[in-house]
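The next block holds one structure in the form of structure tokens; read it before the comments.
Numbers restart at 1 for each chain; the letters A, B, ... are given by sequence-line order, proteins then strands.
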Amino acid sequence: MVNQYEAVFIMTPVLSEDQIKETVKKFKDYLTKKGAEIVFEDNWAMRKLAYPIQKKSTGFYYLIEFKAEGNIIRDFEVAFKRDEKILRFLTVKLDKHAVIYNEKKRKKAKEEKKVEA
Amino acid sequence: MAQSNSDIKYLTPIAVDTKRKKYCRFKKSKIKYIDYKDPNFLMKFVNEQGKLLPRRITGTSSKYQKKVAQAVKRARHIALMPYVGDLLK
């Protein structure tokens with residue numbers, strides 16, 4: 001049964017730009033290798049954390065929204081746990097209201113971009 | 001305890017003045033999904049210490065209070081909201 005999921009994860013701020021790209025790429029490849037289809041990605045860049053995690057007060061947030069079979073999520077999270085560059089991660093299964101909400105948000109963001117451009 | 005309400009001295013006067021009809025803002029504005037990723041919206045349901053506001057204050061229905069609680073806990077997990085805030089306005 002293919003569900004829609006959303007994974008947010010925080011990377012340590014000490015990484016250089018290409019290290020970040022490389023870790024993000026590693027997880028995206030993992031997903032595509034397992035047959036998941038990535039619907040949307042969002043790089044929130046560096047943000048201040050509400051409380052220090054592992055003695056760090058800022059972190060690189062990254063969001064991946066994807067459609068996948070249920071059984072790959074456990075190994076996906078194990079991959080997160082193993083990677084020490086990831087401070088924290090959260091994968092969430094999206095119900096139908098959430099999917100509609102995300103689409104509407106993306107549509108609005110696109111319109112805003114069009115208006116500016 | 002025939003003491004009437006006014007005799008009890010409250011440290012801080014309760015904000016609820018007259019008995020206005022509380023309504024569930026989610027039902028009224030037809031919000032179906034509470035996003036755990038935007039903290040400014042969730043801050044409305046949290047008091048100064050960062051604790052969840054009870055339903056008797058916000059007036060939300062049980063179904064949406066559960067969604068709000070879950071969204072706030074998720075936001076806390078990914079450090080968008082503090083577990084223990086101090087006067088976060």
For chain A against chain B, give me the donor-acceptor pairs closer than 3.5 Å, one per line with atom names and distance.
from    : atom 1 : to       : atom 2 : distance (Å)
B:Asp35 : OD2    : A:Lys105 : NZ     : 3.2
B:Tyr36 : OH     : A:Glu6   : OE1    : 2.9
B:Lys37 : NZ     : A:Glu6   : OE1    : 3.3
B:Lys37 : NZ     : A:Glu6   : OE2    : 2.8
B:Arg76 : O      : A:Tyr51  : OH     : 2.5
B:His77 : O      : A:Tyr51  : OH     : 3.2
B:His77 : O      : A:Arg88  : NH1    : 3.1
B:His77 : NE2    : A:Phe89  : O      : 3.3
B:Ile78 : O      : A:Tyr61  : OH     : 2.7
B:Ala79 : O      : A:Ala50  : N      : 3.0
B:Ala79 : O      : A:Tyr61  : OH     : 3.4

Next item on the list: Mind checking the CG-CD1 spacing from A:Leu87 to B:Ile78? Nearest 0.5 Å is all I need.
Entry: 12.5 Å
Next item on the list: Indicate, with yes or no, if A:Val24 and A:Phe27 share a hydrophobic cluster defined by side-chain heavy-atom contacts under 4.5 Å among Ile, Leu, Val, Met, Phe, Trp and Tyr.
Entry: yes
Check: Are A:Val92 and A:Val2 in one and the same hydrophobic cluster, where Ile, Leu, Val, Met, Phe, Trp and Tyr link if side-chain heavy atoms are under 4.5 Å apart?
Finding: no
Next item on the list: State plainly whether one hydrophobic cluster holds both B:Phe41 and B:Leu52, where clusters connect Ile, Leu, Val, Met, Phe, Trp and Tyr through side-chain heavy atoms under 4.5 angstrom apart.
Entry: yes
Next item on the list: Search all heavy atoms of A:Ala50 against all heavy atoms of B:Pro82 and return the closest pair with its distance.
Entry: CB-N, 3.5 Å
Checklist line | Connected hydrophobic set around A:Ile100, excluding itself, where side chains approach under 4.5 Å | finding: none
Note to self: Hydrophobic cluster membership, with links at side-chain heavy-atom distances under 4.5 Å among I/L/V/M/F/W/Y: are A:Phe80 and A:Leu15 in one?
What the structure shows: yes
Notebook entry, point to check: Are A:Leu49 and A:Phe89 connected, step by step, through hydrophobic side chains (Ile, Leu, Val, Met, Phe, Trp, Tyr) whose heavy atoms are closer than 4.5 Å?
Noted result: no
Item checked: A:Ile53 portion near chain B, given a 4.5 angstrom heavy-atom threshold -> side chain
